[in-house]
J.: 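What follows is a structure written as structure tokens; I'll ask about it next.
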Amino acid sequence: MLLRNRFLLLLALAGLLAFLSLSLQFFSRWLPVSLQLKTEMQVFPEFPVRLIQVGQGREEGLGAKNRKRIMPEPLTEPPALNPLYEANLYCNTPGAKERSMEGHAPPNLKLLSVQVIIRHGDRYPLYTIPKTKRPDIDCVLEPGRKPSHPHLTDFISHMSKGVDTQMDGTLGSLPRLPNHILCEMGELTQTGVVQHLRNGQLLKEIYLKKHRLLTSAWTAKHLYFESTGKSRTLQSGLALLYSLLPNFDWKKINVKHQWSTIFCSNHCDCPMRNHYLEEEQRRQYNFRVKNSLLEKTYINMAKIVGIPTRQLRASNPIDSLLCNFCHNATFPCTKNGCIDLEHFKVIKTHQLEDEKERYEKQLYFKYALMATHPLLNQTANRMLRIAEGKKDELFALYSAHDVTLSPILSALGLREARFPRFAARLVFELWHDPEKANNHYVRVLYNGEDVTFQTSFCRDQLRSSKRPLCPLKKFCTFVQKDMFSSLNSTSYYDACHQRLF
């Protein structure tokens, strides 16, 4: 009897669960689910997402129309190339604590120097889509608005006190904080500031607290800081240094101005570099015109906006749309309709496919070798000086752009490296074995990942050596000699000025 009663109870529970399941399926048909949500859920069918519902515009002071959109936040990497996943990585929205491999080396080694090349943080678009409303992003820093950082309040206060700092060229006339209620074109956003406050804090924990690279008695000679002449790069570098340095002293901060986005300094005369860049741009054009889906998308978007297709294409719409995407703002609408996520996905997918073909054709690689040699040569020479016992410029920071980092990644042979996200960082570490006076080693890290043995100059070292370390000599030989072998030259000057036959 007892067994029979248990069976009936289980049967009743099963029936109740089946009824609830059917009821939920029935009533879900009447719930207000947007078409955009359905589309986005279909994009990530094979890995989990966390859905975030957000409103249009700024967090405070929303307008009368508060159209909601649902943004997917992927938790694991998708099994295949996915434009929305890649776009999320590109945004680099501050979130959970980042894991990094900076500063990891065998315990008997001593860290001698660190050189960091960063891309500026999140910025407002450089282009606008004609006849559409600009993204409503507030660039005035507010510690109470997300994303924020524990150092943000003090950072804002400290940036107004820098009367004693030395800045080259026009850098002294640039604002040290973003300061417009409606961001200006290319202006660093609060997200961008927070991204680099986080970068600085992370590097401080590793390089200063763990390895004591700089002490509280650091002087101006221990630091090297170079920035292009854009406010977003200057402000990004200052944010990183503010979180990094033991005590941020304006009297010890000397900022060098770099007029070139590829940091070629006094070695920018390179006709063959310009030739390969033009060839690469021609490849990009040919690849684009072959993409019929992309062209149809541009035509459709141009009809929505009400402008010729050529004008829409020239406005580089992905730049503006990425701002909407990264800030969870609704895409532009007109009386003819709305630019939507499908448009965005087509353009972003083309970008990713273009990057793949760019690697296969190697034109960009040849451009990259010549474009990056001056900066990489400066990096190698600084390492050699420190390896010889010099104590200057133990920490060097270059605050730059995607067009700075991208060719460096290509020149180093980092085939799997993603296009530089906002606040991307590329780190060169110099290590020394105290037991062997002449043994110095290099580590290369990209966004916290150790990519040393993915570089062309150290790819075989892991298999041929008993110790998983890359000798400094290999990096210097690559910069001073091997970079030119692909160009059938023996020096930078010859590579830049050789004639085409």
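For the numbers below, each heavy atom of this structure counts, side chains included, while hydrogens, waters and symmetry mates do not.
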J.: What residues form a side-chain contact (heavy atoms from CB on, under 4.5 Å) with Ser486, not counting sequence neighbours?
T.: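 side-chain contact (heavy atoms from CB on, under 4.5 Å) check on Ser486 returns Phe365, Leu369.
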
J.: Please identify each residue that fulfils disulfide (SG to SG under 2.5 Å) with Cys139, with sequence neighbours left out.
T.: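 Partners of Cys139 under the disulfide (SG to SG under 2.5 Å) test: Cys183.
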
J.: Hey, could you give me each pair passing salt bridge (charged side-chain N to carboxylate O under 4.0 Å, His left out) that has a residue in residues 184-203? Not counting sequence neighbours.
T.: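 For residues 184-203, and leaving out neighbouring residues, there are no salt bridge (charged side-chain N to carboxylate O under 4.0 Å, His left out) pairs at all.
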
J.: Using the ring centroid of each side chain, check whether Tyr224 and Tyr398 are separated by less than 6.0 Å.
T.: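 Close enough - the centres of the two rings lie under 6.0 Å apart.
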
J.: Under the salt bridge (charged side-chain N to carboxylate O under 4.0 Å, His left out) definition, can you give me all pairs with a residue in residues 368-382, not counting sequence neighbours?
T.: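 Matches after skipping sequence neighbours: Arg382-Glu393.
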
J.: By side-chain contact (heavy atoms from CB on, under 4.5 Å), which residues pair with Lys391, not counting sequence neighbours?
T.: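 Applying side-chain contact (heavy atoms from CB on, under 4.5 Å) to Lys391 gives none.
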
J.: Sequence neighbours left out, what passes side-chain contact (heavy atoms from CB on, under 4.5 Å) with Ala220? Give chain and number order.
T.: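 Ala220 satisfies side-chain contact (heavy atoms from CB on, under 4.5 Å) with Lys252, Asn254 only.
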
J.: What residues, two or more places apart in sequence or in another chain, satisfy salt bridge (Lys or Arg N to Asp or Glu O under 4.0 Å) together with Glu449?
T.: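 If we apply the salt bridge (Lys or Arg N to Asp or Glu O under 4.0 Å) test to Glu449, skipping adjacent residues, there are no hits.
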
J.: For the residue pair Asp249 and Trp218, confirm or rule out a side-chain donor-acceptor distance under 3.5 Å.
T.: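 No, Trp218 and Asp249 have no side-chain donor paired with an acceptor closer than 3.5 Å.
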
J.: Which pairs with one or both residues in residues 363-400 pass disulfide bond (SG atoms under 2.5 Å apart), sequence neighbours excluded?
T.: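 Listed once each, the pairs would be none.
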
J.: Give me each pair satisfying salt bridge (charged side-chain N to carboxylate O under 4.0 Å, His left out) with a member in residues 398-416, each pair once, sequence neighbours excluded.
T.: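 Checked against salt bridge (charged side-chain N to carboxylate O under 4.0 Å, His left out) - neighbours excluded - the pairs reaching residues 398-416 are Arg119-Asp402.
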
J.: Applying ring-ring contact (aromatic ring centres under 6.0 Å, His included), which residue pairs with at least one partner in residues 94-124 are found, sequence neighbours left out?
T.: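 Qualifying pairs, neighbours excluded: His120-His401.
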
J.: Which donor-acceptor pairs under 3.5 Å do the side chains of residues 167-176 make with protein atoms, sequence neighbours left out?
T.:
from, atom 1, to, atom 2, distance (Å)
Ser173, OG, Thr170, O, 2.7
Arg176, NH1, Gly162, O, 2.4
Arg176, NH2, Gly162, O, 3.1

J.: Kindly state each residue pair satisfying salt bridge (charged side-chain N to carboxylate O under 4.0 Å, His left out) with at least one member in residues 258-285, sequence neighbours excluded.
T.: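 Listed once each, the pairs are Glu279-Arg282, Glu280-Arg283, Arg283-Asp354, Arg283-Glu357.
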
